[in-house]
Asks: 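My questions all concern the structure below.
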Amino acid sequence: MSASYFSSIPAIRYEGPESRNPLAYRWYDKDRVILGKRMEDHIRPAICYWHSFCWDGFDVFGEGTFRRPWHSLSGQEMADAKLEAAFEFFTKMGVPFYTFHDVDVMAPAANLREHVNNFAVIVDKLEAKMAETGMKLLWGTANVFGNRCYMSGASTNPDPEVFACAATQVRHAMEATHRLGGENYVFWGGREGYDTLLNTRIGQEQDQFARLLALAVEHKNKIGFNGTLLIEPKPHEPTKHQYDRDTATVYGFLKKYGLENEVKVNIETNHATLAGNAMDHEIAVAFALGIFGSIDANRGDPQNGWDTDQFWMEHLEITRSMLELLRGGGFTTGGFNFDSKVRRQSIDPADMFYGHVGSLDALARGLIAAASILEEGELDRFVEDRYAGWNGELGQWIMKGASLEAIADKVVADGLDPQPRSGRQEWLENILNRHL
């Protein structure tokens, strides 16, 4: 690579809602204060390494379409060229964070010993590049699903040698994340599930998965890593059934193994919809269960049954999700990671910017709308009034010690005859739409 791949693209700046410049932010004004906090600190945007700099546009029906210059290189030369392009992109986008899997950033390895060595080489270079640019790491992770040895799972594999290999990658990826100042470490169990029960012991595989998490918690404490450990739920793909199906399922799993205070969730929009859940539901459930961590921002196509990882642009869905995020108190160590990719027909360097700029603008616009809804207060006042009875004498008595028998006797003795009240869903939706 003799010249910068993105040399024709200027740094992305905020120009305001009236701008028609496709390479400028119309809504994302990082220093604008919303509900007492800078917009950048609400959204905490990150760009992922894998979709933008590793994928070459191939799919199961055809070869890669992108022809990025680093795709024609090999070994450490490829890793170095990709590093330069990635950090140029990150800095021109003006975002504070990035994310990676170990194999995204390093030179390919033929075996695990070589993997450890090659990863160590690139971590040195990542550290130098971060110092040079001021970029920060939102989270790191290990790719323990791509290599053929993981075809039957990583921690859940029937072969303990495969578990050991996965544990090795997790150890080194977590140590690198800690060294690079990462704020979270993610587990995405792409192969932690099954394709058929005919060859599977579910209970044993879940015990093994929990064992790896327990080892990770132990190692996190040993090395002094203060970041958050996150599981990323997904119901299926590539396996027929994944054990971390959705937020509620993950909580039940963590609770069973006593890990509910050690591990939280990284929720992805497309994974939520694949599980049959709305994104705002997943966020609300995560906060209610005390395991909310971070978000992978993308979307699927409603006509497809797989993970398309498109850029998140739906203002209504984003606004509803932002409402739950703000109500829950927002991010601590997490953020919005763009786990999103351009379509394989979008082959120009500018297309990568169009996708990220548009989605970050959509998040900013949703944040502004959600904050306006909360400041107006009409939605929350209705909900508060709807549940007000639980703050009264009867509600407190039921929640704080009444027996089933006593409650039943009171209903008969007092002649309770509650009358239904309208949930006013349509009116509430009108209020929400007023702010879009």
Side-chain angles (χ1 to χ4, degrees), residues 27-48 95-97 99 138-139 183-184 186 227-228 230-233 246-248 250-251 263-273 275 277-299 311-340 356 358-380 383-384 428-429 431-433 435-436:
W27 298 97
Y28 180 65
D29 179 3
K30 67 178 184 179
D31 292 319
R32 176 175 172 178
V33 176
I34 305 285
L35 299 178
K37 186 189 293 187
R38 293 171 63 248
M39 184 176 283
E40 181 182 84
D41 296 331
H42 275 293
I43 297 176
R44 290 170 57 86
I47 295 172
C48 77
V95 299
F97 296 105
T99 57
L138 186 67
W139 53 259
E183 300 196 27
N184 309 271
V186 171
T228 307
L230 303 171
I231 287 179
E232 183 172 320
D246 61 8
T247 296
V250 169
Y251 180 77
V263 182
K264 299 182 185 297
V265 287
N266 178 51
I267 308 167
E268 179 176 313
T269 318
N270 202 169
H271 294 179
T273 52
N277 298 328
M279 186 58 172
D280 57 344
H281 164 88
E282 285 290 278
I283 295 171
V285 168
F287 275 116
L289 296 175
I291 59 169
F292 178 81
S294 196
I295 289 175
D296 271 11
N298 60 22
R299 78 178 196 272
F311 285 93
W312 203 12
M313 304 289 191
E314 282 67 25
H315 297 303
L316 177 59
E317 184 181 40
I318 291 173
T319 300
R320 292 168 66 107
S321 299
M322 284 290 187
L323 266 175
E324 297 306 324
L325 178 65
L326 293 175
R327 284 170 172 159
F331 293 116
T332 52
T333 61
F336 280 103
N337 173 49
F338 290 108
D339 187 356
S340 312
H356 286 88
S359 192
L360 186 46
D361 258 353
L363 291 178
R365 195 172 181 183
L367 172 66
I368 293 167
S372 175
I373 291 167
L374 292 178
E375 287 178 319
E376 181 187 67
E378 197 166 6
L379 274 179
D380 285 348
V383 174
E384 183 69 26
L428 296 170
E429 289 172 344
I431 292 173
L432 189 149
N433 282 324
H435 292 264
L436 296 182

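As a basis for the values below, the full set of heavy atoms in this structure was taken, side chains included, without hydrogen atoms, waters or symmetry mates. This is a predicted model, so every value here is computed, not measured. The residues of the chain are indexed from 1 along the displayed sequence.
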Asks: So, taking the atom named CZ in F336 and the one named CD1 in I43, what distance separates them when rounded to the nearest 0.5 Å?
Replies: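 Output value for this atom pair is 7.0 Å.
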Asks: Measure from the side-chain N and O atoms of T333 to the backbone N and O of G293, and report whether any donor-acceptor pair falls under 3.5 Å.
Replies: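 It does not hold such a pair.
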Asks: What is the distance from atom CD1 of I231 to atom OG1 of T247, rounded to the nearest 0.5 Å?
Replies: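 One gets 10.5 Å once the value is rounded to the nearest 0.5 Å.
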Asks: Of all residues at least two apart in sequence or in a different chain, which pass the ring pair (Phe, Tyr, Trp, His ring centres under 6.0 Å) check with Y28?
Replies: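 Per chain and number, Y28 pairs via ring pair (Phe, Tyr, Trp, His ring centres under 6.0 Å) with Y25.
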Asks: What do the steps show when you test T269 against I318 for side chain to side chain contact (heavy atoms under 4.5 Å, CB included), and what is the final call?
Replies: CA-CA 10 Å; T269 318; I318 291 173; over 6 Å; no
Asks: Could you give me the CA-CA distance, side-chain angles and deciding distance for L325 and F292, then say whether side chain to side chain contact (heavy atoms under 4.5 Å, CB included) is met?
Replies: CA-CA 9 Å; L325 178 65; F292 178 81; 3.6 Å; yes
Asks: State whether the side chain of N298 and the backbone N or O of D339 hold a donor-acceptor pair below 3.5 Å, judged by distance alone.
Replies: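 Here the side-chain-to-backbone pair exists.
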Asks: I'd like to know if the side chain of S321 reaches the main chain of E317, judged simply by a donor and an acceptor atom lying under 3.5 Å from each other, with no hydrogens or angles considered.
Replies: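 The answer is yes, because a donor-acceptor pair under 3.5 Å joins these two groups.
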Asks: Taking all heavy atoms of M39 and all of A364, pick out the closest pair and write down the distance.
Replies: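 Minimum heavy-atom separation between M39 and A364: SD-CB, 3.6 Å.
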Asks: With sequence neighbours excluded, what pairs up with R32 under the salt bridge (charged side-chain N to carboxylate O under 4.0 Å, His left out) test?
Replies: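 Per chain and number, R32 pairs via salt bridge (charged side-chain N to carboxylate O under 4.0 Å, His left out) with no residue.
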Asks: Output, in order, the C-alpha distance, side-chain angles, deciding distance and verdict of side chain to side chain contact (heavy atoms under 4.5 Å, CB included) for V265 and Y251.
Replies: CA-CA 9 Å; V265 287; Y251 180 77; over 6 Å; no
Asks: What heavy-atom pair brings T273 and N270 nearest, and what distance separates the two atoms?
Replies: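 That would be OG1-O, 2.9 Å.
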Asks: Using 0.5 Å steps for rounding, measure from the CG atom of L323 to the CG atom of L374.
Replies: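 With rounding to 0.5 Å, CG (L323) is 5.5 Å from CG (L374).
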Asks: With sequence neighbours left out, write down each residue that passes salt bridge (charged side-chain N to carboxylate O under 4.0 Å, His left out) with D29, or none if nothing qualifies.
Replies: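 Per chain and number, D29 pairs via salt bridge (charged side-chain N to carboxylate O under 4.0 Å, His left out) with no residue.
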Asks: If we check side-chain hydrogen bond (donor to acceptor under 3.5 Å, both in side chains) with T99, which of these qualifies: D296, N266, N337?
Replies: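 Between T99 and the candidates, side-chain hydrogen bond (donor to acceptor under 3.5 Å, both in side chains) is satisfied uniquely by N337.
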Asks: Minimum heavy-atom separation for M279 and I295, please, with both atom names.
Replies: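 Result for this residue pair: CE-CG2, 3.6 Å.
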Asks: Spell out, as yes or no, whether a donor-acceptor pair under 3.5 Å connects the side chain of H315 to the backbone of L436.
Replies: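 Checking the backbone N and O of L436 against the side chain of H315, no donor-acceptor pair under 3.5 Å is found.
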Asks: Nearest 0.5 Å, please: how far is CZ in R299 from CD in E314?
Replies: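 One finds 4.5 Å between CD of E314 and CZ of R299.
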Asks: Does the side chain of S294 come under 3.5 Å of the side chain of N184 through a donor N or O and an acceptor N or O?
Replies: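 Not at all, the side chains of S294 and N184 share no donor-acceptor pair under 3.5 Å.
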Asks: What closest approach, in Å, do P96 and P45 show between heavy atoms, and which atom pair accounts for it?
Replies: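 Of all heavy-atom pairs spanning P96 and P45, the closest is CD-O, 3.4 Å.
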Asks: In Å, rounded to the nearest 0.5 Å, how long is the span from CZ of R320 to CD1 of I373?
Replies: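 Output value for this atom pair is 10.0 Å.
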Asks: Where do L363 and M322 land on the side chain to side chain contact (heavy atoms under 4.5 Å, CB included) test, with the steps shown first?
Replies: CA-CA 8 Å; L363 291 178; M322 284 290 187; 4.0 Å; yes
Asks: Looking at side-chain heavy atoms only, is the closest gap between L316 and L432 below 4.5 Å?
Replies: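 They are in contact (side-chain heavy atoms under 4.5 Å apart), so the answer is yes.
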Asks: Is any side-chain heavy atom of E324 closer than 4.5 Å to a side-chain heavy atom of F287?
Replies: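 No, every pair of side-chain atoms sits at 4.5 Å or beyond.
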Asks: Is there any salt bridge (charged side-chain N to carboxylate O under 4.0 Å, His left out) pair reaching into residues 362-376, and which pairs are they, with sequence neighbours excluded?
Replies: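 Output for this query lists E376-R434.
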Asks: CD1/I291 to CD1/I267 distance, rounded to the nearest 0.5 angstrom?
Replies: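 Separation between the atoms: 7.5 Å.
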Asks: Can you list everything that forms a side chain to side chain donor-acceptor pair (under 3.5 Å) with N277? Sequence neighbours excluded, please.
Replies: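 Only D246, E282 meet the side chain to side chain donor-acceptor pair (under 3.5 Å) criterion with N277.
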Asks: For W312, what residues pass the ring pair (Phe, Tyr, Trp, His ring centres under 6.0 Å) criterion, not counting sequence neighbours?
Replies: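 Expected list: none.
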Asks: Are the side chain of K264 and the backbone of G290 linked by a donor-acceptor contact shorter than 3.5 Å?
Replies: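 Here the side-chain-to-backbone pair exists.
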